[in-house]
Structures are given as C-alpha cells and as structure tokens.
Amino acid sequence: MAEVFKRLPLNESGRDIVVGDIHGAFSSLEQELERVDFDPAVDRLICVGDLVDRGAESGNVIHWLVEPWFHSVLGNHDASLILSESRFPEWLQNHSRVCLGEHLCHEHNWFRALSDLHQDAVLDALARLPLAIEIPTREGLVGVVHASVPPGLDWPGLVTHICASSLSLCDMLPLLWDREAGSRGMPVADVGPPVPGDPQSVGGVSHVIHGHTITYDRTVWRLGNRVTIETGGWLAAARPDFEARLSWPAHWTLVDARYPDQPL
Ligand SMILES: [Mn+2]
C-alpha cells in the first residue's frame, strides 16, 4: 500500500529545508544545496513535489529518493506519469481516470527513452510518494502539500481525509492541481504575518508549504498561512529560452521549514 501520508520525526540536530518543484533539474539543485551549506548528515531536504518532467535529469529521481535525507510529496507531474503508464498506486487503482481528464501532463518523453528496468524503478519510487508530509518543528507543525488543501479541511481533517480508504481520484485533484494558494496569494513583502483565525488559513498547523504555481514575481507568496515557494528554479536548466524571456528571473527558493517567509 502506498504511503499517502508521511509524518517525519523531529529533527533534533539539523535543519529541515523545503524546496519548490524540481522537474528533473537535480544538478542545478545540488549547487543550491552547496550555497546553503546543506549537510546531509543532519539536515533534511523536503520537496513540494513535481520531481520529474521538463528537466533532462528526470530519470535521476531514483537516486535521490533512496537518500535518507530526501523526502517529497507527490506532484501533479509525478501523478500524471504514474497514471499515464497505468501503474497507479493502490489508492488510485479502483477509481476512474475520468476525473483527471485534461489534467494529464504530456511531457513524459524523457521517460520513454529510459530502459525498461529504469522505467520500473522510477514508477515504483514515485508511486510511494505521499500526498502530504507533516514536519514537527520547535516552532510548531508544518505541512507540505503540492498544490492545495481542499476548502473546509484543517490539517488533522486533511490527514484523516487522505488516509480514508474511500478517497477517490476526484478527491485528490485539489491537492495536486488547485491553483488557489499560488494565484490568490500575495507576495510576503506585501502582507503582514498570518492573523490567527484567518479563514484563508489551514487550522491545526503553523503553515502549509506549497509548490505547483510559479509565483508571478518569483517571490514567496502567502494566502493566510499557506505559503507558495515555487519560483521556477528548474527553468534555467530545463527551459533556458523561456526563462530568458521572463520579466522576473526564475530562481530556486529554499526555506527553513520553520520560517517559509524568509528564503535562505
Ligand atoms: Mn510543477
């Protein structure tokens, strides 16, 4: 059974660093980890999902996911690959693909160039990714979900929801695809700290960190206590022509899980 929810133990001795979508740009990310003096002996790296597609090194995902210091939630591109290859995790097997429809991604050409063995290893690794990760910190609980927490759910409610055996593919869509947090948020420089009881916040957790939507001005955005840290770090490696045309240059954003408003 795929692990749909992962609760990490408290990191007693190092940092928990969260990074936006990776999209197969692993070498570029390695340089960023050096910049922030990432120490795999004590630090952990948690990705908001979308490990594959677009970047040339997408197949390297299997080498990262075996590292004890690396964790990731499932992103829509990761899910699309699993679905496209008809190797769904168990929680999807009983449900129709109808819900997904137009949501399937079509950027999996890199996958077809891999050997059969490599393809199997990639699918097996991605199928084990959880939908949500919970990080306990000395400043409170931090959640990580690729796209969004469905309206009306607090964090414990979300955990109950995704662990329920009745969960359908339709129920999954907001977690993987919704753009509300990334498009309705505001740059953190323009909004004050989260207000207790803000209806836009997810209750029961200090904040939830998302990827999925590249923020308009490539800064960290916040909607209530929902923080979007996806600033397109993978673009320079995967889509240099596109990146060169952007008004605001794309770049990696790495944050300490406790202080997602303050990029490292
Ligand atoms: Mn993405």
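All ligand and atom numbering here is 1-based and tracks the order in the structure.
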Practice problem: Let me see the working for Leu51 and Leu129 under side chain to side chain contact (heavy atoms under 4.5 Å, CB included), right down to the final yes or no. | Solution: CA-CA 10 Å; Leu51 299 176; Leu129 295 178; 3.9 Å; yes

For the residue pair [X] and [Y], establish whether any side-chain heavy-atom pair is separated by less than 4.5 Å.
{"X": "Asp50", "Y": "Asn76", "value": "yes"}
{"X": "Asn11", "Y": "Trp69", "value": "no"}
{"X": "Arg226", "Y": "Ser148", "value": "yes"}

Quiz prompt | Residues Asp256 and Arg15 bridged, charged N to O under 4.0 Å | solution =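 Result for this pair is no, no salt bridge flagged.
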
Quiz item: Got a salt bridge between Glu107 and Arg112, using NZ or NE/NH1/NH2 to carboxylate O under 4.0 Å?
Solution: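 Between Arg112 and Glu107 there is no salt bridge, as every charged N stays at least 4.0 Å from the carboxylate O atoms.
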
Quiz prompt | Atoms of the protein (N/O/S only) found under 2.8 Å from the Mn ion (ligand 1) | solution =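 Listed by chain and number, the nearby protein N, O or S atoms are Asp21 OD2, His23 NE2, Asp50 OD2.
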
